[in-house]
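Shown next, in C-alpha cells, is the structure this report addresses.
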Amino acid sequence: MDGHKEFYDQYAQSQEKSVVNKMQQKYWKTKQTLIKVTGKKEDEHVVASDADLDAKLELFHSIQRTCMELLKAIELYQKRICFLSQEENELGKFLRSQGSQDKTRAGKMMQATGKALCFSSQQRLALRTPLSRLYQEVETFRYRAISDTWLTVNRMEQYRTEYRGALLWMKDVSQELDPDLFKQMEKFRKVQAQVRHAKLNFDKLKTDVCQKVDLLGASRCNLLSHVLTTYQTTKLVCTCLCYI
C-alpha cells in the first residue's frame, strides 16, 4: 500500500511540474508577443541572426502587395479600354454620319476617319482576352501559391515567438542561477532543453519559408513572362491593323 502511495505522489508531483512548466512557457511566449506588438527593442544579436529571414519576408510581403495592386490595375485598365472603345466607336459613327451628308472632299475624309475609328474601337476590345487571362492567372497565383506561403510564414512566426520567449526565459533563469544549488541547475537545464526544442522547430520552418519565398518569386516571373507575351503580341497586332 505504501508503495502505491509513493508512486501516486511521484506521479502527482510530475504532473504538477508539467502544468507549471507549460504555464511558464505560455507566460514567456505571451511576454515575447507583447514585446513584438509594442515594438520594444529586442536583443540585437537575436534580431541580427534572423536578418536573412526578415529579408525573405520583406520580399514575400512585396509580392503579396504588388499582386493585389496588379489585379486592381488590370481591372481598371479593362474598364478604361471598354470606355475608350465605346467613345471611339461613337465618334466614328458620328463622323461617318456627318461625312455621308457632306459631298465635298472633307466629307469623304470624315467618312474614312470614322470608319478607321470604328475599326480601331473593335480592335481595342481584343486586348480584353489576354488581360482577362492575366487577371485569372494572377488571381490563381494569389489564392494558391501566396496563400500557401502565407500559412507557412504564419506558422514560422508562431515558432519564432515561442523560441524568442524561451530565450527570454533562459536569460531570466540564468540571472538568478547559482551553480552550487542543484534545483536551480536542474531548472536551468530544463529551460535550456526547451530553448533547443523551440529552436529546432523554428529553424525547420525558417528554412521552409526561405525556400518557398524563393520559389514564389521565380514562379511569379515565369507567370508574368508567359502571360504578358500573349498580351504584347495582341497589342502589336492591333496596333499594326489600326495603321493599315
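The side-chain hydrogen bond (donor to acceptor under 3.5 Å, both in side chains) search around S49 returns none, not counting sequence neighbours. Residues meeting the side chain to side chain contact (heavy atoms under 4.5 Å, CB included) test with R133, sequence neighbours left out: E137, H226, T230. For Y159, the ring-ring contact (aromatic ring centres under 6.0 Å, His included) criterion is met by no residue, not counting sequence neighbours.
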Worksheet item: Could you walk me through whether V153 and Q64 pass the side chain to side chain contact (heavy atoms under 4.5 Å, CB included) check?
Response: CA-CA 12 Å; V153 168; Q64 195 177 34; over 6 Å; no

Discussion item. Evaluate R160 against E157 for salt bridge (charged side-chain N to carboxylate O under 4.0 Å, His left out), listing each step before the verdict.
Written reply: CA-CA 5 Å; R160 174 152 68 170; E157 289 291 6; 3.1 Å; yes

Fill in: Full working for side chain to side chain contact (heavy atoms under 4.5 Å, CB included) between T66 and L70
CA-CA 6 Å; T66 52; L70 180 58; over 6 Å; no

Worksheet item: Between E69 and K72, is a side chain to side chain contact (heavy atoms under 4.5 Å, CB included) present by the stated rule, with each step listed?
Response: CA-CA 5 Å; E69 290 173 354; K72 291 178 182 178; 5.8 Å; no

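The minimum heavy-atom distance linking G114 with L95 is given by the pair CA-CB, 3.8 Å. Of all the heavy atoms in A126 and T234, the pair that sits closest is O-CG2, 3.8 Å. Contact record, S85 with S121: OG-O, 2.7 Å, taken as the closest heavy-atom pair. Q194 and E162 get closest at one heavy-atom pair: NE2-OE2, 3.9 Å. In this structure, C118 and N89 approach most closely via the heavy-atom pair SG-OD1, 3.6 Å.
Screening residues 214-233 for salt bridge (Lys or Arg N to Asp or Glu O under 4.0 Å) gives K56-D214 as the qualifying pairs, with residues at least two apart or on separate chains. Residue pairs satisfying the salt bridge (Lys or Arg N to Asp or Glu O under 4.0 Å) criterion with at least one member in residues 74-95, sequence neighbours excluded, are listed as follows: E88-R124.
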Contacts under 3.5 angstrom, residues 141-152 side chains, donor-acceptor by atom type, not counting sequence neighbours:
{"from": "S147", "atom 1": "OG", "to": "R142", "atom 2": "O", "distance (Å)": "3.2"}
{"from": "S147", "atom 1": "OG", "to": "Y143", "atom 2": "O", "distance (Å)": "2.9"}
{"from": "D148", "atom 1": "OD2", "to": "K212", "atom 2": "NZ", "distance (Å)": "2.9"}
{"from": "T149", "atom 1": "OG1", "to": "A145", "atom 2": "O", "distance (Å)": "2.9"}
{"from": "T152", "atom 1": "OG1", "to": "D148", "atom 2": "O", "distance (Å)": "3.2"}
{"from": "T152", "atom 1": "OG1", "to": "K212", "atom 2": "NZ", "distance (Å)": "2.8"}

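For the atom pair SG (C67) and CG (L223), the distance works out to 8.0 Å, reported to the nearest 0.5 Å. Within the model, atoms OG1 of T161 and CE of M156 stand 9.0 Å from one another, a figure rounded to the nearest 0.5 Å. Going from atom CG of L205 over to atom SG of C210 covers 11.0 Å, rounded to the nearest 0.5 Å. L134 contributes atom CG, which lies 12.5 Å from atom OG1 of T129 (distance to the nearest 0.5 angstrom). Interatomic distance, Q101 CD to M110 CE, rounded to the nearest 0.5 Å: 8.5 Å. In this structure, CG in L125 is found 11.0 Å from CD in Q78, a value given to the nearest 0.5 Å.
Put simply, the side chain of C82 reaches to within 4.5 Å of the side chain of R128, judged on heavy atoms. Side chains of Q123 and S120 form no contact here, defined as non-hydrogen atoms less than 4.5 Å apart.
Taking the six-membered ring where tryptophan is involved, the planes of Y163 and F202 are essentially parallel, since the angle between them stays under 30° and well short of 60°.
Within a 6.0 Å sphere centred on CD of Q232, other residues, nucleotides and ligands contribute 12 heavy atoms or fewer.
Note on F119 and L117: separate hydrophobic clusters, where clusters join Ile, Leu, Val, Met, Phe, Trp and Tyr whose side-chain heavy atoms are under 4.5 Å apart, directly or indirectly. Grouping the Ile, Leu, Val, Met, Phe, Trp and Tyr side chains by contacts below 4.5 angstrom, directly or via other members, places L228 with L71.
Proximity of a side-chain donor or acceptor of S100 to a complementary backbone N or O of S97 within less than 3.5 Å is detected.
A salt bridge does not link D52 with K206: every distance from a Lys NZ or Arg NE/NH1/NH2 to an Asp or Glu carboxylate oxygen is 4.0 Å or more.
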